[in-house]
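A short worksheet on the structure shown next.
Letters A, B, ... mirror the listed sequences (proteins, then strands); counts begin at 1.
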Amino acid sequence: MAPELIEKLHEKREKERRLPELDVTDGVVMRIAPNPNGPSTLGIARGIIINHEYARMYNGKFILRFDDTDPKIKRPMLEAYAWYEEDCEWLGAKPDEIVIASDRVDRYYEYAEKLIKMGKAYVCFCAQKVFKRLKDSKKACPHREQSAEGNLESWKKMLAGEYDEGGAVLRIKTDIKHKDPALRDWVAFRIIKTAHPRVGDKYQVWPMLDFESAIEDHLLGITHIIRGKDLMDSEKRQKFMYEYLGWEYPKTSHWGRIKIHEFGKLSTSGMKKAIEKGLYEGWDDPRLPTIRSFRRRGIQPDAIRNFMIDLGVSGTDIAVSMDTLYAENRKRIDPMANRYFFVHDPVRLTIKNAPPTVAKAPLHPNIDRGVRKIFVQGDVFVCKEDVERMKRGEILRLKDLYNIKITSLKPLKAEYMGNDLSIIRKGAIIHWAPVDGVKVEVLAPDREYKGIGEEGIKSEPDNVVQFERFGFVKIDSVNDVIRVYFAHK
RNA sequence: GCUCCGGUAGUGUAGCUCGGCCAAUCAUUUGGGACUCUCACUCCCAAGACUGGGGUUCAAAUCCCCACCGGAGCACCA
């Protein structure tokens with residue numbers, strides 16, 4: 001192909017990977033604002049990657065902000081703060097700034113007071129159900145008419161801890177008759193007496209996401225917000241505040257629901273429960289869609305990044321398959337992964353008349369990195385799956401070793417048949433493991449595989465390798481038993 | 001019930017702003033083939049879509065209306 005044509009192809013491919021342009025007037029400041037009530041998941045990685053990518057595209061700023069303002073229901077996890085930083089960095093999205101909401105509660109109080117004084121917020125003592133009934137019929141509650149002074153006094157009492165949990169909330173006045181019920185006089189602060197994992201019992205009055213996020217986005221100078229469409233109404237609620245305070249709302253766009261075939265609908269809290277019950281080994285269990293898990297399985301950050309950028313930012317609800325991510329990952333790890341034999345559910349195969357042989361198998365089929373030498377004298381292990389397909393009298397090739405003829409199935413026996421490569425045909429080559437091989441356990445999303453591998457696997461801790469005819473894996477730990485995490489086919 | 005958003009091949013996506021160059025892009029997937037001592041990689045070939053109905057127009061995936069389908073919000077969660 002002509003070089004200029006190849007050039008053109010590359011150009012085209014580059015274009016695919018780009019996100020749609022942003023409407024930029026004056027710089028770009030993006031943020032990802034998770035609640036650290038668990039580690040980052042694939043869903044949050046989308047937010048991290050897309051927002052960071054936009055900041056990068058426009059030489060802007062990328063901020064990681066922890067919206068950890070609920071010490072009770074979605075209680076933050078102390079370790080998760082550092083995990084988020086780690087995961088962002090690993091994904092190639094190192095934040096330029098990190099902000100923690102629970103450090104800045106006093107500021108939120110200041111703005112609350114300001115809004116109360118402006119007559120744009122009021123302390124509401126209605127029971128939740130009572131208010132809902134009023135709101136649904138477009139009726140104001142009696143507390144809405146309280147004077148600014150009266151509200152200020154109640155607010156101070158709230159802060160002083162004079163009310164019980166659920167006894168009072170601060171509401172932002174919007175339009176109680178607004179046609180959209182989701183926008184009518186929303187809650188900005190509520191009382192929570194549970195201690196916060198970071199700041200303890202310093203505060204008993206906590207802002208709701210809509211309030212905290214509204215203030216922070218302004219203070220941090222966020223120019224563009226890109227997030228899930230579940231937060232669409234949040235924008236409409238916050239815009240009332242922005243108008244009262246004379247601020248300009250960032251430009252926004254929202255993407256749809258993302259569902260991953262292979263993982264179903266696992267929420268952070270759902271995963272937490274399952275881990276506590278012992279169903280999973282931990283947050284980085286390979287069966288969980290957390291970034292920590294992907295990292296442990298040998299999924300490359302670039303693969304995740306391209307995958308996310310390819311998904312784009314459309315408002316459509318999408319259901320994606322991990323196959324696409326795996327294909328992306330395979331392209332990256334195939335050149336670097338050395339090849340080894342691993343036999344799961346091993347069956348001992350006795351070979352008659354075989355001369356002692358040193359098998360020489362290439363570490364990589366396309367790149368010359370030398371060979372692995374495996375000494376074999378007579379017997380080897382083969383996969384139960386392969387045994388089940390064997391027929392008596394069949395001639396097979398033990399890959400990189402020699403040929404055999406199956407002479408018996410019940411006790412599995414074979415006969416040495418020389419080394420003639422011309423017998424090789426599709427489906428007649430199987431892999432094997434030496435009888436003195438190492439014990440290997442592979443933890444895969446669907447099951448755990450136990451078996452025997454060749455000695456050389458020991459020399460690859462933390463590396464991604466390919467177990468031939470099995471799949472790509474990452475060597476997790478090397479002890480008496482080698483622990484391995486399965487990546488994909 | 002009220003409010004909002006969206007519907008391009010199996011899956012995701014480009015095209016829609018400013019209608020014609022769209023018999024619709026790219027990737028993945030699936031099928032076939034080549035190569036190969038892996039069911040991996042690479043390469044080649046093929047398959048497969050504008051939700052439906054009206055309207056505007058010389059011309060509609062693109063603009064307008066209706067219908068249908070999907071999703072989100074209406075929390076003292078984020």
For A/His364 and B/U36, what is the distance between atoms NE2 and P respectively, to the nearest whole Å?
17 Å
Of the non-hydrogen atoms in A/Pro434 and A/Phe375, which two are nearest, and what is the gap between them?
CB-O, 4.4 Å
Is B/C69 paired to anything, Watson-Crick or G-U wobble with both distances less than 3.5 Å, and if yes, which nucleotide?
B/G6
Does the base of B/U28 carry an N or O that pairs as donor and acceptor with the side chain of A/Glu328 under 3.5 Å?
no
Distance under 6.0 Å and angle within 45° of the ring axis: does A/Arg171 meet both against A/Phe131?
yes
Kindly give the atom pairs (protein nitrogen or oxygen, nucleotide nitrogen or oxygen) under 3.5 Å for nucleotides 76-78 of chain B.
from	atom 1	to	atom 2	distance (Å)
B/C76	OP1	A/Gln128	NE2	2.5
B/C76	N3	A/Gly166	O	3.1
B/C76	N4	A/Cys126	O	3.3
B/C76	N4	A/Gly166	O	2.8
B/C77	OP2	A/Arg190	NE	2.4
B/C77	OP2	A/Arg190	NH2	3.0
B/C77	O3'	A/Arg190	NH2	3.2
B/C77	O2'	A/Asp70	OD2	3.0
B/C77	O2	A/Lys74	NZ	2.1
B/A78	OP1	A/Thr69	OG1	3.2
B/A78	OP1	A/Arg190	NH2	2.8
B/A78	OP2	A/Leu209	N	3.2
B/A78	O3'	A/Asp67	O	2.8

Looking at A/Arg257 and A/Asp230, does any basic side-chain N land under 4.0 Å from a carboxylate oxygen?
no
Once you apply a heavy-atom cut-off of 4.0 Å, does A/Ser314 come out as touching a base, just sugar-phosphate, or nothing?
sugar-phosphate
B/C16 - base-pair partner by Watson-Crick or wobble geometry, distances under 3.5 Å:
none
Take atom C1' in B/G70 and the same atom in B/A23, then report the distance between them in whole Å.
29 Å
Of A/Glu468 and A/Val320, the one whose closest nucleotide on RNA chain B sits nearer the 5' end is A/Val320
Calculate the interatomic distance between A/Phe341 atom CZ and B/A40 atom C1'; express it in whole Å.
13 Å
Does B/C21 have a Watson-Crick or wobble partner in any strand here, with both distances under 3.5 angstrom, and which is it?
none
With rounding to whole Å, what would you report as the distance between B/A9 and B/G15 at their P atoms?
16 Å
Does the side chain of A/Tyr416 reach to within under 4.5 Å of the side chain of A/Tyr402, using non-hydrogen atoms?
yes
Between B/U29 and B/A75, how far is it from one C1' atom to the other, in whole Å?
41 Å
Mind checking the P distance from B/A40 to B/U28? Whole angstroms is fine.
14 Å
Got a donor-acceptor contact below 3.5 angstrom from the A/Ser321 side chain to the A/Asp323 backbone?
yes
If we take the P atom in both B/A61 and B/C22, what is their distance in whole Å?
12 Å
In whole Å, I'd like the distance from the CE atom of A/Met308 to the P atom of B/U28.
18 Å
State whether A/Asp103 and A/Arg198 are salt-bridged, where the test is any N-O pair (Lys NZ or Arg NE/NH1/NH2 against Asp/Glu carboxylate O) under 4.0 Å.
yes
Watson-Crick or G-U wobble mate for B/C37, both contacts under 3.5 Å:
none
With rounding to the closest Å, how many angstrom separate the P atoms on B/G53 and B/A60?
14 Å
Where each residue is assigned the nucleotide of RNA chain B containing its nearest heavy atom, which of A/Asp136 and A/Lys399 is assigned the position nearer the 5′ end?
A/Lys399
For A/Phe263 and B/U11, what is the distance between atoms CZ and P respectively, to the nearest whole Å?
20 Å
Aromatic plane relationship, A/Phe470 with A/Phe342 - under 30° parallel, 30 to 60° tilted, over 60° perpendicular:
perpendicular
Under 4.0 Å between any heavy atoms, over every strand shown, what does A/Lys135 touch: base, sugar-phosphate, or nothing? Just pick one.
sugar-phosphate
Counting the atoms with a prime plus P, OP1 and OP2 as sugar-phosphate, which does A/Asp386 contact under 4.0 Å by heavy atoms, base, sugar-phosphate, or nothing?
base
What does B/A75 pair with, Watson-Crick or G-U, if both distances are under 3.5 Å?
none
Can you tell me how far P of B/A72 sits from CD1 of A/Ile258, to the nearest Å?
14 Å
Salt-bridge test for A/Lys236 and A/Asp210: reply yes if a basic N is under 4.0 Å from a carboxylate O, no otherwise.
no
Against the six-membered ring of A/Trp255, is A/Arg227 placed for a cation-pi contact (under 6.0 Å from the centre, within 45° of the normal)?
no
Lys NZ or Arg CZ of A/Arg447 over A/Tyr449 ring: under 6.0 Å, within 45°
yes
From CG of A/Leu311 across to P of B/U11 the rounded distance in Å is 14 Å
Short heteroatom pairs, N/O only, protein and nucleotides 2-9 of chain B, under 3.5 Å:
from	atom 1	to	atom 2	distance (Å)
B/C2	O2'	A/Lys179	O	2.8
B/U3	O2'	A/Asp180	OD2	2.7
B/C4	OP1	A/Lys179	NZ	3.2
B/C4	O2'	A/Lys236	NZ	3.4

Base, sugar-phosphate alone, or nothing: which one does A/Ala337 contact when heavy atoms must sit under 4.0 Å apart?
nothing
Across all strands shown, which nucleotide pairs with B/A60 by Watson-Crick or G-U wobble geometry, both distances under 3.5 Å?
none
Could you check which nucleotide pairs with B/A49 in any of the strands shown, counting Watson-Crick or G-U wobble with both distances under 3.5 Å?
none
Distance in angstrom units between A/Asp310 CG and B/G12 C1', rounded:
8 Å
A/Arg133 atom CZ is separated from B/A75 atom P, nearest whole Å, by 13 Å
Show your reasoning for whether salt bridge (Lys or Arg N to Asp or Glu O under 4.0 Å) applies to A/Lys384 and A/Asp386.
CA-CA 5 Å; A/Lys384 192 178 159 205; A/Asp386 287 327; over 6 Å; no
Evaluate A/Lys139 against A/Lys177 for side chain to side chain contact (heavy atoms under 4.5 Å, CB included), listing each step before the verdict.
CA-CA 7 Å; A/Lys139 287 194 186 107; A/Lys177 292 183 164 59; over 6 Å; no
P atoms of B/C35 and B/G10, separation to the nearest Å
33 Å
Sticking with atom P, work out how far B/C74 lies from B/U30, rounded to a whole angstrom.
40 Å
